[in-house]
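Worth saying up front: this structure is predicted, and the values here are computed from it rather than measured. In what follows, every chain begins at residue 1, and chains take the letters A, B, ... in the order their sequences are listed.
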Amino acid sequence: MVVTFPNMGNVAIAAKTLCQGLALPYVMPETNNSKTLAVGSYYAPEEICLPFKLILGNFILAARQGADTMWITGSCGPCRFGEYCELAMRTLKKLGYRTDFVVADLSSDVGVKEFIRRIGTVAAASPVHPVEKLRALRLAYQVVELCDRLDAKAYERAGYEVHKGECRRLLHEYKTKVRKTESPEETMEVLQDYGRRLDAVPADKSKNPLNVSIIGEIFTIIDPFSNLYIEEKLMGYGVSSKRMLSPSWWVKNMIGKPFRLGSRDVYKASDPYLKYSVGGHGKECVGEAALAKAQGMDGAIQVFPLGCMPEVVAKSILPVIQEDKGIPIMTLIVDEVTGEAGYITRIEAFLDLLKGRRNQNQKASHPRAALNMRQFPSKGV
Amino acid sequence: MEKTYYLGVDVGSVSTNLVMMDEEKNICEKLYLKTSGRPVDTLKEGLKCLAGHFGGAEIRGAGATGSGRQLAGMLIGADVIKNEISAHAVAASSVEPDVRTILEIGGQDSKIIFLRDGIVYDFAMNTVCAAGTGSFLDRQAARLDIPIEAFGGYALKSKNPVRIAGRCAVFAESDMIHKQQTGHCNEDIIAGLCEALARNYLNNLAKGKEICGPILFQGGVAANVGIVSAFKKILNQSVIIPRYYDVMGAYGAAILAKEELEASGDETRFCGFDSVYDDFTVQSMECKDCANMCEVIHISVNETPKACWGDRCGKWSAGAGKAQSGSRTG
């Protein structure tokens, strides 16, 4: 059994940590790049959304290197994501690879028995002691949590850094290193080290950078390649960005939801605009847009792959929120296009717009404008 | 006292525009050139033209915009390198201070810009499809063997426009061919196409947004009287075509350069018209140092590395920055 898993933001790093902890051989996918996309889109159905093309690319490239067990998350919601595992299975079979799929569906969707059977297939293959297995699972979660926090810290601090590009450099460095570590312990060490380094980045607290919230379809916002590195671009412009959706958010929200915990404020904020779930994270997108202004954001950028149904629904609601809350929202639709000129034009124009609106608000000398300024992020991971 | 000028450059996919503006923001000279896929050569050619008139004059600042703005900015030594949306908005506001909506249709993309109280309030750009842009009209004009300048005039002669699917350029073309084969005359087909494009533009970009006047229509396509009349018909409002509709981006870049330099008090970085004789080379390569495989662009002037972009980690661009500042001091 040689395991592989797709690049879904920091999930790949967690999955790698888990494999190491369980002493299972694995193939780590390369970060998504033009090769992944070329292979994926060659074998994928033409009309499927971008995430599938990338996931399929990861799987095929890994299968060529000998992987035979594919881990993938499933879904039984109304969006096409639920189709991914079946489609990937068929495509790989047609290509002549003998592979097993372990699909992580929710126990509420597939039944507790099936859920336990699937976990069992992974656990049974691992030679380590059951206590070690649990420890591996815990470590994997800690790793993804830490990664997400590091990312968030880097994206936020970029707006305050004294030496331009430092946060981006550290982010790039840690991402490269963490993919090459040999054990969960080493991974943790790298992450903690970079957490300290990011904290030590000299920051100018008097800066009042633009704050932008990144919302939209989860895969395309957590995988930098598919959104043409939007967060890194914002870092380059000295803009702080915030993104709620992340793998660790997903886990926390899944566990919290039945107990009415999780992101309740977001769901509540979305209710006046979108009462029902439309699949994917459409409701989250609407709720986040509605909350952005109160969170001190200057604007929000929605990103989704061409043809993403839940986000198309959300997109049609955003102009109303934009008027209601007085917050500019821009939508970027990503597909296989890697030419960035038009994309950069939109981002730059949007930032100009945000600056213009902010100046105008300040000119109106609203005494409360000062209250809208966000606090400098505190230290500590 | 000698007159001083500002240079604005807009390097777009289809046209490269240059504007010379005086201190009172009047346009003294404008050039509208076809980019023909060679932005650097076209820009050099434009500068050579301008050098004839303005070679001896003092140029106080330069601005670049358009999809080729980075390249153009590097070549001329621009003080401001701005996206087209902001440039168009600035230009429109200085022509018509109360402007509320700007329709802009260029060669490869189309935009709608909404302003409130003189600032950009919202904007939208066409998404993944280039239907309804200048290149598509160019292509249809060529197919029907009608000069593009006369294309819009045909639409006005139509008495009974046919319906053309405007959602996608490929479908629009087959629809046009089918209608033509069933015997509809060119005038009706062209009028139908103009309406389809205006409809598609408004459905696509202005969805859910209110279009208030004054409305300015700028960009090369504003020359097409057929499209203008289609917009007027659908919007049921008057549409203003500014005098320099085709070079508004370049005009905006010149204004932005003027504003920027007045605010900062800096001297211009404009290299002068002689820079067209510099040997300007652009090389691209795929960086193999990590899995990101960035496509990196190297720019050198007279064999001295000047700039570099396209890398995610900053390794190349940081190095080039050093080389650049080194050559400047040296």
If you count the non-hydrogen atoms of other residues, nucleotides and ligands that lie under 6.0 Å from NZ in B/Lys209, is the total more than 12? yes
Roughly how far, to the nearest 0.5 Å, is the CG atom of B/Asp117 from the CZ atom of A/Arg357? 10.5 Å
From A/Gln360 CD over to B/Tyr121 OH, what is the distance, rounded to the nearest 0.5 angstrom? 10.0 Å
What part of A/Thr345 is in contact with chain B, defined as an atom under 4.5 angstrom from a non-hydrogen atom: side chain, backbone, both or neither? both
Apply side chain to side chain contact (heavy atoms under 4.5 Å, CB included) to residues A/Ser34 and B/Glu286 and explain how you reach the verdict. CA-CA 11 Å; A/Ser34 42; B/Glu286 192 176 69; 4.2 Å; yes
Applying a heavy-atom distance below 4.5 Å, give me the residues of residues 83-92 of chain B that approach chain A, sorted by number. B/Asn83, B/Glu84, B/Ile85, B/Ser86
Identify the two heavy atoms, one from B/Arg69 and one from A/Glu348, that lie closest to each other, and give their separation to 0.1 Å. NH2-OE1, 3.1 Å
In this structure, are over 12 heavy atoms from other groups packed under 6.0 Å from B/Gln283 atom CD? no
Could you give the distance from CD1 (A/Ile329) to CG (B/Asp122), rounded to the nearest 0.5 Å? 9.5 Å
For B/Phe123 and A/Arg346 the tightest heavy-atom approach is CZ-O, 3.5 Å
Please flag which part of B/Gln70 lies under 4.5 Å from any non-hydrogen atom of chain A: side chain, backbone, both or neither. neither
Non-hydrogen atoms of chain B under 4.5 Å away: do they reach the side chain of A/Leu332, the backbone, both or neither? neither
